[in-house]
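Each remark here refers to the structure printed beneath this line.
By convention in this document, chain letters (A, B, ...) are assigned in the order of the sequence lines, proteins followed by strands, and residues within each chain are numbered from 1. We use all heavy atoms of the structure for the numbers below, so side chains are in, but hydrogens, waters and symmetry mates are not. A quick note: this is a predicted structure, and the numbers were derived from the prediction, not measured.
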Amino acid sequence: MRIATFNAASIRARLPRLIDWLGENEPDVLAIQETKVEDDKFPREEIEELGYEIAIHGQKSWNGVALLSRRPITDVRHGFGDELMPNDARIIAGTIDGLHVINTYVPNGSAVGSDKFEYKLRWLDRFKTYLEQNYRPDEPLIWLGDINIAPTSDDVYDSKRFYGGVGHHPEEMERLSRILEFGLTDLFRVHTQGPGHYTFWDFTLPRGVDRNLGWRIDHIYATESVAKLCTECVVDKAARKGEKPSDHTFVIATLDL
DNA sequence: ATGGTTGAATGTCAA
């Protein structure tokens, strides 16, 4: 099984490129974030024609997540399942061939000290509880998506400059590491060490992709039973280039499953 | 140098 994650920065703006990528790569599962569309306006048919089943959790203008799968998706869950944070579409989860898949768009946080940053920290705390309430570490489980945290100095192009800022703040790193105590392994780091491997490059930096001024903030985590079956985990940097790309690109994990 | 780009929506916010 190959399972991938992609922040589309609008599913409608990215649809032609997404269709091409799906045709060329044929992943079994794709988790999409920032679809930025209400459910009744989601381009369902174009994707279903490629043989994918779709589960979506969207809203107007912002956020929005989707799961695409060539195999049936069962036990679909939207959001945290309570009314604590009801107004943003950031989580969709389902079960595919016995594998629990949780796709999240973690809040960006805007700026350290802002209300949005406090919300990001609370959201990460709530997500830890969500995991514990709904899943067990001895189950096959993947958590993937736009995590919006570069967790180590190797995960951003200028760690000294950005350390303490949003996306590379010790409070974010601490909360992420507490989530991972559930029993989750960062699949990309199982196979590849060192700096320079990124998944997001800011639109506003001139030639930022060529200069590799990026961040590794899109992650694929797995419980032990799945992590030991992971034979490869790669970033498709080429998909960040060309006409009308997203500012993120795809991360793909191959599982011997 | 405190900019720059993109998308949703048509103001301006969010990233």
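With rounding to whole Å, Leu213(A) atom CG is found 15 Å from dT5(B) atom P. To the nearest angstrom, P of dT12(B) lies 13 Å from CH2 of Trp62(A). Between the CG atom of Leu205(A) and the P atom of dT5(B) there is a distance of 11 Å, rounded to whole Å. Rounding to whole angstrom units, CG of residue Asn108(A) and P of dA15(B) are separated by 5 Å. Regarding Ile11(A), its CD1 atom lies at a distance of 14 Å from the C1' atom of dG7(B), rounded to whole Å. Computed from coordinates, the Asp88(A) CG to dA14(B) P distance equals 12 Å when rounded to whole Å. For the pair Asp146(A) CG and dA15(B) C1', the interatomic distance rounds to 10 Å; values are reported in whole Å. Between the CD1 atom of Ile217(A) and the P atom of dA15(B) there is a distance of 12 Å, given to the nearest Å.
As rounded to the nearest Å, dA9(B) and dA15(B) have C1' atoms that lie 16 Å from one another. With C1' as the reference atom, dT12(B) and dA1(B) are 25 Å apart, rounded to whole Å. Taking atom P on both dG4(B) and dT10(B), the two are 24 Å apart, rounded to the nearest angstrom.
Ring pair Phe6(A)/Trp21(A): centre-to-centre distance not below 6.0 Å.
Both Asn7(A) and Phe203(A) lie near DNA chain B, and the one whose nearest nucleotide falls closer to the 5' end is Phe203(A). With the nearest nucleotide of DNA chain B identified for both Gly109(A) and Arg161(A), Arg161(A) has the one nearer the 5' end.
The phosphate of dA15(B) has neither OP1 nor OP2 within less than 4.0 Å of any side-chain N or O from Lys116(A). Residue Arg207(A) places none of its side-chain N or O atoms closer than 4.0 Å to OP1 or OP2 of dG4(B).
Ile217(A) pairs with exactly one of Ile149(A), Asp146(A), Ile147(A), Val106(A) by the side-chain contact (heavy atoms from CB on, under 4.5 Å) rule, that one being Asp146(A). The residue from Leu30(A), Val235(A), Asn25(A), Thr199(A) that alone fulfils the side-chain contact (heavy atoms from CB on, under 4.5 Å) condition with Phe250(A) is Leu30(A).
Shown here are the side-chain hydrogen bond (donor to acceptor under 3.5 Å, both in side chains) partners of Glu46(A), two or more places apart in sequence or in another chain: there are none.
Contacts classified as ring-ring contact (aromatic ring centres under 6.0 Å, His included) and involving residues 36-55 of chain A (residues at least two apart or in different chains) are not found.
Within the 4.0 angstrom heavy-atom criterion, no nucleotide atom of any strand lies near Phe200(A).
In this structure, of dA14(B), dA15(B), dA9(B), it is dA9(B) that holds the atom nearest to the side chain of Lys60(A).
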